[in-house]
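Counting starts at 1 for both ligands and their atoms, following the listed order. Below, all heavy atoms of this structure are taken into account, side chains as well, without hydrogens, waters or symmetry copies.
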Amino acid sequence: MTQSLMHYDFHSHTYYSDGVLSPCDLVDRARSENLQLLAISDHDSISGLMEAKQYLKQQTITDLKLINAVELSVQTDFGEIHMVGLNIDPFNTELLKVIELQQQKRLERLSVYEEKFNRINIFGIEQATLDLSTQVVTRSHLARALVLMNLVKDNQQAFKKYIGKKGRIKVATNWVAMEQAILAIHGAGGLAILAHPTRYPMSNRRLTYLIEEFSLAGGDALEVAYPSLSPDKKAWLLQLRQKHDLLVSGGSDFHYPDLKWTDLGRFPRIDSNIPHVIDIINNKLKV
Ligand code: AMP
Ligand code: MN
Ligand code: MN
Ligand code: MN
């Protein structure tokens, strides 16, 4: 079956990172949306997908296939980016080492946030954030903690005022480097996908260079279908993918059930004549 006929979503989150649904609830939601293929791609974690796999086994669910994935935070010359490793072996030791290190870096980053918030007389953010996290500590948890502490009215304001690109508190993190991330994903038999390319705070020119570097480093695919992407930008990304002979992927980047425009499975279709990661995955899975 070609990708245009399949219902899939190759980018989603559970509460093991900054999603709000449990893996079981995410699976239930995917089935109610009639998805056939779902990649759970938590930030620096595979725990959600492992739990979801157990659930499929226990409930003998056969109408939905899970694709093992992870969304790594990655350091590049152009700033921080996100890379989805798709169809990875979740038992690969090298990849698991990278994931563990990333989780550790997130805890260290949180301590630095505490120190920096202390300097502006805000105390206890570290513990409040840990209390809200299941496993991977993200800035979304920090934002929720700031809301609970009545310092901001919602997550958006937390990013704007404190922890976003232009916020008061900046903490740099030394994430895994791009080449290393691609090697780890390939070593685990997966495809390296540049997630939501237009969401990074960089100019089109820099993004063009980033995509070139990504391709030279062995990257496999670009996400060219996700909720906030305009048709113009999509066309532009498709030109770049052609230039560098990359595959394409798509996903909703689902985090919350109450945001309709980023609901599971909800993103524009991609023309079926464009080489898609799904073709490779289907061959490996023998769907
Ligand atoms: P982290 O990987 O811990 O730095 O957290 C990044 C996560 O925060 C992203 O995956 C988004 O889910 C979320 N995020 C980033 N920027 C914003 C924003 N401006 N408003 C709301 N959520 C955001
Ligand atoms: Mn997120
Ligand atoms: Mn992301
Ligand atoms: Mn994501």
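Between His196 and Tyr226, the angle of the ring planes goes over 60°, which puts this pair in the perpendicular group of the 30/60° scheme.
Looking at Ser12, its side chain does come within 3.5 Å of a backbone N or O of Ala39 through a donor-acceptor pair. Without hydrogens or angle criteria, Asp279 side chain to His276 main chain gives a donor-acceptor distance under 3.5 Å.
Distances below 4.0 Å separate heavy atoms of Gln156 from the following atoms of ligand 1: 20 (N), 21 (C). Taking every non-hydrogen atom of Arg109 and a distance limit under 4.0 Å, the qualifying atoms of ligand 1 come out as 1 (P), 3 (O), 4 (O). If you number the atoms of ligand 1 from 1 as listed, the ones under 4.0 Å from a heavy atom of His43 come out as 10 (O). The ligand atoms of ligand 1 that sit less than 4.0 angstrom from a heavy atom of Thr138 are 3 (O). Taking every heavy atom of Arg106 and a limit of under 4.0 angstrom, the matching atoms of ligand 1 come to 1 (P), 2 (O), 3 (O). Every atom of ligand 1 is numbered from 1 in the order shown, and the set under 4.0 Å from a heavy atom of His255 is 12 (O).
For Asp18, a nitrogen or oxygen atom sits less than 3.5 Å from a nitrogen or oxygen atom of ligand 1, counting backbone and side chain alike.
Annotation: the span from Ile281 atom CD1 to Ile67 atom CD1 amounts to 5.0 Å, rounded to 0.5 Å. Interatomic distance, Leu66 CG to Leu56 CG, rounded to the nearest 0.5 Å: 5.0 Å.
Of the protein's non-hydrogen atoms, Arg139 NE, 2.7 Å is the one closest to atom 4 (O) of ligand 1. Ranking protein heavy atoms by distance to atom 16 (N) of ligand 1, first place goes to Phe159 CE2, 3.4 Å.
With 2.8 Å as the limit, His13 counts as an N, O or S neighbour of the Mn ion (ligand 4). With a cut-off of 2.8 Å, the Mn ion (ligand 4) has no N, O or S atom of His196 in range.
Around atom 8 (O) of ligand 1, the closest heavy atom drawn from Ser140, Ser17, Gly167 belongs to Ser140.
Rounding to the nearest 10°, we obtain 80° for the angle at the Mn ion (ligand 4) between His11 NE2 and Asp253 OD1.
Of all N, O or S atoms in Asp18, the one lying closest to the Mn ion (ligand 2) is OD2. Closest approach between the Mn ion (ligand 4) and any N/O/S atom of Glu71 involves OE1.
With no hydrogens or angles considered, a side-chain donor-acceptor pair links Glu71 and His11 at under 3.5 Å. Judged by distance alone, the side chains of Tyr15 and Asp25 never bring a donor and an acceptor atom under 3.5 Å apart.
Between Lys105 and Asp44, none of the side-chain N atoms (NZ, or NE/NH1/NH2) sits under 4.0 Å from a carboxylate O, so this pair counts as no salt bridge. No salt bridge links Asp18 with Arg144; every basic N to acidic carboxylate O contact stays at or beyond 4.0 Å.
Both the sub-6.0 Å distance and the 45° axial angle are not jointly satisfied by Arg168 relative to the ring of Tyr113.
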